[in-house]
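Bear in mind that the values here come from a model prediction, so they are computed numbers and not experimental data.
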Amino acid sequence: MDERKIDIQIHTDMLIQQIKHAQGEKSKISAEMHERCSQIDKLRKRYEILMTTMAPPEGEEEHSAAYYVISAAQEKEGLQREGDELDANIRKAEKEIHALENTIKVMNARNSMYRSNFTKVDHSSEDLEEERTLEEQRRAVMDKYKYKRRQVRELQEDLDAMSRTYDNLAAEEGTIGNQVGESENRLEGGKKQLSEQQTKLDRVSKQLVRYSRDIRTTKGKKTHTLEEEDIDMRDMHDFNKDIASQLVNSIQSYPEAFSTLTNLLYQSNIPIPSTTTAGGSRSSSRASSTSSLISVRSDKSSVKSVTLGLTSPSVAV
């Protein structure tokens, strides 16, 4: 019976030790979790501070990319200077720590010699108190050294992030500059084409007014003649054809919309124009369609005087 109690007691002690060990592991894991949560919170705050710094003040216009590039370069230079100062301080602290470590080694050697000479150590002796004081100083210096190293590491990470941001902003600046140059070239070309087309349109409009006045004078009418209505109908037919071509080229990349448009054109008896496959072909097709429409109108206006004595042909739109 006594042996059974001893076995139970031993088993109980083992379980208690396991429980204590498990609690110690739990405390260690909890401490690691709190430390990681603290690191996550620091990173989040650093990100919020960075975004607040980069954002323009409320009510002010947004700065250009060059402004952010210059700001990033200035901040990078300031961080570099601060990092250099911290490196110098760290090197100085390392030298001090090395000197203190040498001092501690000397003191430890002397203490060992004293311990070997005396069999009994007085816990209230001055040497022991000095050793304890030096050990506390060493711990304080090591803690300070670890803190400085952690600061340097964090600053290095911030510096790397700033460098990546600077590179991204520089790449974006180059891309935006190229896009602006291309847009300006296209704008100049469009203005030139618009000016030419406007000149042609004004000339054709004047010719059309003059020819219409001549036709009415010849016919002795004050209202639109059949020839004018025929020209207007043909003009409208060409205009509808050009618009339909532009619509088809614009939405041919969307099958559902393209199918709906073709059905509507078919129901309205409007011929379905041929499609193009590239953006450059679409733009050149639109430009050629517009210029051809203007030239057709001009040609029809010039032919108008020849058809005065003829009957109006049938018009199909």
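- Atom NZ of residue K76 and atom OG of residue S71 lie 14.5 Å apart, to the nearest 0.5 angstrom.
- Hydrophobic clustering of Ile, Leu, Val, Met, Phe, Trp and Tyr side chains at less than 4.5 Å, counting indirect connections, keeps I16 apart from I8.
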Show your working on salt bridge (charged side-chain N to carboxylate O under 4.0 Å, His left out) between R81 and E77 and close with a plain yes or no. CA-CA 6 Å; R81 285 198 303 270; E77 185 179 0; 3.5 Å; yes
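- If you take CE on M236 and CD1 on I243, they are separated by 10.5 Å, rounding to the nearest 0.5 Å.
- The hydrophobic clustering, which links ILVMFWY residues whose side-chain heavy atoms are closer than 4.5 Å, places L100 and M107 apart.
- Defined by atom type and a distance below 3.5 Å, a donor-acceptor pair is present between the side-chain atoms of Q198 and D202.
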Show your working on side chain to side chain contact (heavy atoms under 4.5 Å, CB included) between E96 and V141 and close with a plain yes or no. CA-CA 9 Å; E96 293 177 355; V141 172; 6.0 Å; no
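- A donor-acceptor contact shorter than 3.5 Å is absent between the side chain of S38 and the backbone of H34.
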Dump the intermediate steps for side chain to side chain contact (heavy atoms under 4.5 Å, CB included) on H98 and N102, then the final yes or no. CA-CA 6 Å; H98 185 67; N102 293 333; 3.5 Å; yes
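- Classification of E101 and K105 as a salt-bridged pair fails, no side-chain N sitting under 4.0 Å from a carboxylate O.
- Taking 4.5 Å as the limit, every side-chain heavy atom of Q197 sits out of range of all side-chain heavy atoms of L201.
- Within the 3.5 Å criterion, the main-chain N or O of P255 finds no donor-acceptor partner in the side chain of S259.
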From CA spacing to verdict: side chain to side chain donor-acceptor pair (under 3.5 Å), Q246, D242: CA-CA 6 Å; Q246 293 183 18; D242 182 70; 2.9 Å; yes
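- In terms of modelled atom types and a separation under 3.5 Å, the side chain of D41 and the main chain of C37 share no donor-acceptor contact.
- Expressed to the nearest 0.5 Å, how far CE of M233 lies from CG of D238 amounts to 11.5 Å.
- Checking each of Q23, Q17, E25 against H21 for a side chain to side chain contact (heavy atoms under 4.5 Å, CB included) leaves exactly one that passes, namely E25.
- Going from atom CD of Q18 over to atom CG of L15 covers 5.5 Å, rounded to the nearest 0.5 Å.
- Atom CD of E256 is surrounded by 12 or fewer heavy atoms from other residues, nucleotides or ligands within 6.0 Å.
- Contact detail for D158 and R46: the closest heavy-atom pair is OD1-CD, 2.9 Å.
- Residue L194 holds its CG atom at 10.0 Å from CD of E196, rounded to the nearest 0.5 Å.
- Rounding to the nearest 0.5 Å gives a distance of 10.5 Å between CG of L86 and CZ of R91.
- Both L247 and F239 are part of a single hydrophobic cluster, where members link through side-chain heavy atoms under 4.5 Å apart.
- In this structure, Q151 and Y147 have side chains that are in contact, with non-hydrogen atoms separated by less than 4.5 Å.
- Between the side chain of S195 and the backbone N or O of K192, no donor-acceptor pair lies under 3.5 Å.
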Give the C-alpha distance, both sets of side-chain angles, the deciding distance and a yes or no for side chain to side chain contact (heavy atoms under 4.5 Å, CB included) between E129 and R132. CA-CA 5 Å; E129 291 295 329; R132 291 174 180 172; 3.4 Å; yes
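- Not one N or O on the side chain of S245 forms a donor-acceptor pair closer than 3.5 Å with the backbone of K241.
- I90 and V152 get closest at one heavy-atom pair: CD1-CG2, 2.9 Å.
- Judged by distance alone, the side chains of E85 and N89 never bring a donor and an acceptor atom under 3.5 Å apart.
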For R149 and Y145: C-alpha separation, side-chain torsions, deciding distance, then whether side chain to side chain contact (heavy atoms under 4.5 Å, CB included) applies. CA-CA 6 Å; R149 287 295 298 270; Y145 170 74; 2.6 Å; yes
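- The main-chain N or O of L159 is found under 3.5 Å from a side-chain atom of S163 such that the two form a donor-acceptor pair.
- No side-chain N or O of E172 forms a donor-acceptor pair with one of N168 less than 3.5 Å apart.
- Taking a 6.0 Å sphere around CZ of R210, one finds it holds more than 12 heavy atoms contributed by other residues, nucleotides or ligands.
- Shown are E130, E136, R138, E131; of these, the side chain to side chain contact (heavy atoms under 4.5 Å, CB included) with L134 is made only by E130.
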